[in-house]
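First up is the structure itself, then whatever we jot down about it.
Because the structure is predicted, anything quoted here is derived from the model rather than measured. Numbering of ligands and ligand atoms starts at 1, following listing order. In what follows, residues are counted from 1 in the order of the sequence shown.
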Amino acid sequence: MSSVCIQVINPNTSLAMTETIGAAARAVAAPGTEILAVCPTAGVPSIEGHFDEAIAAVGVLEQVKLGRQQGVDGHVIACFGDPGLLAARELAQGPVVGIAEAAMHMATLVATRFSVVTTLPRTLIIARHLLHQYGFQDHCAALHAIDLPVLALEDGSGLAQEKVRVRCIQALKEDGCGAIVLGCGGMATQELTRELRVPVIDGVSAAVKMVESLVALGLSTSKHGDLAFPENKALSGQFQALNPF
Ligand code: 2AL
């Protein structure tokens, strides 16, 4: 077993996207870090709205519980809405980092303002809510959607990736931003940073490096206060499997 094991959870059930995300995570992981890329056993094939997010959050909790039982050192939630993040922290022993929060935090370290490029226009409100929740609204110059569904990133045509590239270039020209945050787990690439010569931040890579840092510093999810393990109560029906203990 490697010295550090990070469970990277793709909250949708697309195996192709889980592989893409796993490869992106492994590409940046330190030599001693093992990446366990997983997705829920049931749920939605892609997450493109509030309804999808609510379902996906339950799958995230299922996987966090499993990861904790397997003894992983930390978890990444690899969907740009960070579905179930705080609930996952209650259930987890180790650190849990969402890709939206990771990318936004990292962007503020290298630019005063960043723009977000995401998938469908209907997901823009999710990113906007997160900006407010995390306190980054003043750091965000603009939000853009390529107007293609999440799974277009996995169709092998390269069309979605080209649309992301074009939107990033346009945003850099028009928004007055110094960095771009990629708004989907399936957009993971370091290529655009090299090509556009500005930080184009993929949340999967950012979150993996943040979990590695937290583990290296011995910093885990606080069990003092609201992120303590959930109260022990009788869960019923399908939710019995989520019993934290
Ligand atoms: C996402 C994402 O990162 N994965 C997914 O299924 N939906 N969010 C998004 N805005 O495209």
Taking a hydrophobic cluster as the set of Ile, Leu, Val, Met, Phe, Trp and Tyr residues connected by side-chain heavy atoms closer than 4.5 Å, whether directly or through intermediates, do V117 and I201 fall within one such cluster? no
How is the hydrophobic cluster of L86 composed, in terms of its other members, when Ile, Leu, Val, Met, Phe, Trp and Tyr link through side-chain heavy atoms under 4.5 Å apart, directly or indirectly? L227
Quick one, list the residues around ligand 1 where some non-hydrogen atom comes in under 4.0 Å, by chain and residue number. N12, S46, I47, C79, F80, T118, T119, T123, V150, G183, C184, G185
T119-E48 side chain donor-acceptor pair, cut-off 3.5 Å: no
How far apart are the C-alpha atoms of E191 and R165, what are their side-chain angles, what is the distance that settles it, and do they pass the salt bridge (charged side-chain N to carboxylate O under 4.0 Å, His left out) test? CA-CA 10 Å; E191 204 45 52; R165 186 179 158 274; over 6 Å; no
Evaluate whether atom CD of E19 has more than 12 neighbouring non-hydrogen atoms of other residues, nucleotides or ligands under 6.0 angstrom away. no
Worked verdict on E90 versus R68 for salt bridge (charged side-chain N to carboxylate O under 4.0 Å, His left out): CA-CA 12 Å; E90 284 189 42; R68 196 183 89 192; over 6 Å; no
